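Excluded from the calculations below are hydrogen atoms, water molecules and symmetry mates; all remaining heavy atoms, backbone and side chain alike, are included. For ligands, and for the atoms within them, numbers begin at 1 and follow the listed sequence. Everything quoted here is computed from the prediction, not taken from an experiment. Here, residue 1 is the first one in the sequence, and each next residue gets the next number.
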Amino acid sequence: MSKNWRPATQLVHGGTLRSQFGETSEAIYLTQGFVYETAESAEARFKGETDGFIYARYGSPTNDMFERRMCLLEGAEEARATASGMAAVAGAILCQLKAGDHIVAARALFGSCRWVVETLAPKYGIECTLVDGRFLENWEKAIRPNTKVMFLESPTNPTLEVVDIAGVAKLANQIGAKVVVDNVFATPLFQSPLELGAHVVVYSATKHIDGQGRCLGGVVLSSKEWIEEHFQDYFRHTGPSMSPFNAWTLLKAVETLPLRIGQQARNAARIADFMAEQKQIAKVIYPGRADHPQADIVAKQMKGGSTLVALELKGGKAAAFALQNALDIVKISNNLGDAKSLITHPATTTHKNLTDEARAELGISGGTLRLSCGIEDTDDLLEDFARALKSVPA
Ligand SMILES: *Cc1c(COP(=O)(O)O)cnc(C)c1O
């Protein structure tokens, strides 16, 4: 299998394990276990003397194809597919920590990610400091001798702030801590955290990787050494494994990932520029625009803009609701990364559990909307917004 293919080719052919039937499309192996020719071959498999699968909680052929394909895309040595994005995030963080250790995390995190580091980890004696991740000096100030994990998302949900991944990795390396990056918002095509010095990358495959609203999934990618030292046993014995059916769905989904992400990002860039000109809009945040507050970091670490756009309406919650309700093609949903364009009002949905103060810190107001662009025709989406804006007072 050539490792020199470009991403679009890897995503169609990489990691394929063809059976004796020579099928074109990857096979689904919906099996819990595997049989052995002889007692001796079972013994050898369990001793690790021969390669092969043992039990689907540890690994199975369809999951293996998905994991290999993701490794080729991400430039990682090893990957494990998990049942959901949260199984990937929680596992990647907790597997390497023990009581007395310390986490530094950016405060702008997906809600459940924030709960894992802020609420769950302390129950096990693992302390966490949340910082405004936009500024490196905040990470530096929060580091302690017992800091073992630095965790971040970039761009963040929903206001698309970015974190200097190479800068955080440099700080982590000084004290031997591991940087875990939730790369969902950037997608594997627009940002490669391992190349920037991060140690572990996690995805909710539920988002762009499936991209068609069907199944939950996650993936943890890192070096062979990190997986073997930290994740392997955690994964085998706590059981966050992905169903082979979902692995197959995701394996087929990634074939079209570059086509979908390309169109989603083109739509996002056009809508961001259009919305920036509208009188009802106070602010547009889009990592592909020159007026992004951290355009220098975007240029340094991202290979593309984003499939998401954050909007701030002058008229607050009433205007945000009026716009959402007047849209026709764009659907109201808290999901993202889908082929269908989706719009979210974070303050009353995804971020409703935060205090007013915590929301304000993250730049989320009543007028904030998060748009996840789909793959629809750009002009239809622009017309949908132009028409819907007529229902929003300036
Ligand atoms: C959705 C999401 C998750 C959680 O993924 P699930 O597949 O829903 O468990 C984690 N991080 C980010 C940034 C997400 O958008």
Asker: Kindly confirm or rule out a cation-pi arrangement of K317 over F321, judged by NZ or CZ under 6.0 Å from the six-membered ring centre and within 45° of its axis?
Answerer: yes

Asker: Just need the protein heavy atom nearest to atom 9 (O) of ligand 1, so name the residue and atom and give the distance.
Answerer: M86 N, 2.8 Å

Asker: Going by the order shown, which atoms of ligand 1 are within less than 4.0 Å of some heavy atom of T206?
Answerer: 6 (P), 7 (O)

Asker: Find out whether D338 and K331 are in side-chain contact, i.e. whether some heavy atom of one side chain is under 4.5 Å from a heavy atom of the other.
Answerer: no

Asker: Tell me, which protein residue and heavy-atom name are nearest atom 1 (C) of ligand 1, and how many Å apart are they?
Answerer: K207 NZ, 1.3 Å

Asker: Judged by non-hydrogen atoms, does N157 sit under 4.0 Å from ligand 1?
Answerer: no

Asker: Looking only at protein heavy atoms, identify the closest one to atom 8 (O) of ligand 1 and say how far it is in Å.
Answerer: S204 OG, 4.2 Å

Asker: Please identify which atoms of ligand 1 are closer than 4.0 Å to at least one heavy atom of G85.
Answerer: 5 (O), 6 (P), 7 (O), 9 (O)

Asker: Considering only the protein, which heavy-atom contact is closest to atom 11 (N) of ligand 1, and what is its distance?
Answerer: D182 OD2, 2.6 Å

Asker: Below the 3.5 angstrom mark, is there an N/O of C113, backbone or side chain, next to an N/O of ligand 1?
Answerer: no

Asker: Any chance the side chains of N334 and H351 put a donor and an acceptor closer than 3.5 Å?
Answerer: no

Asker: Please list, in number order, the atoms of ligand 1 under 4.0 Å from a heavy atom of S84.
Answerer: 7 (O), 9 (O)

Asker: Would you say V89 and ligand 1 have an N/O pair spaced under 3.5 Å apart?
Answerer: no

Asker: Quiz question: by atom type and distance under 3.5 Å, do the side chains of T344 and R370 form a donor-acceptor pair?
Answerer: yes

Asker: Does the distance from a Lys or Arg side-chain N to an Asp or Glu carboxylate O, for D101 and K98, drop under 4.0 Å?
Answerer: yes

Asker: Over 60° means perpendicular and under 30° means parallel, so classify the ring planes of Y55 and Y58, tilted if in between.
Answerer: perpendicular

Asker: What is the nearest protein non-hydrogen atom to atom 4 (C) of ligand 1, stated with its residue, atom name and distance?
Answerer: F110 CE2, 3.4 Å

Asker: Give a yes-or-no answer on whether the side chains of R69 and T16 include a donor-acceptor pair shorter than 3.5 Å.
Answerer: yes

Asker: Less than 3.5 Å apart, any donor N or O on the side chain of E77 or W226 sitting next to an acceptor on the other?
Answerer: no

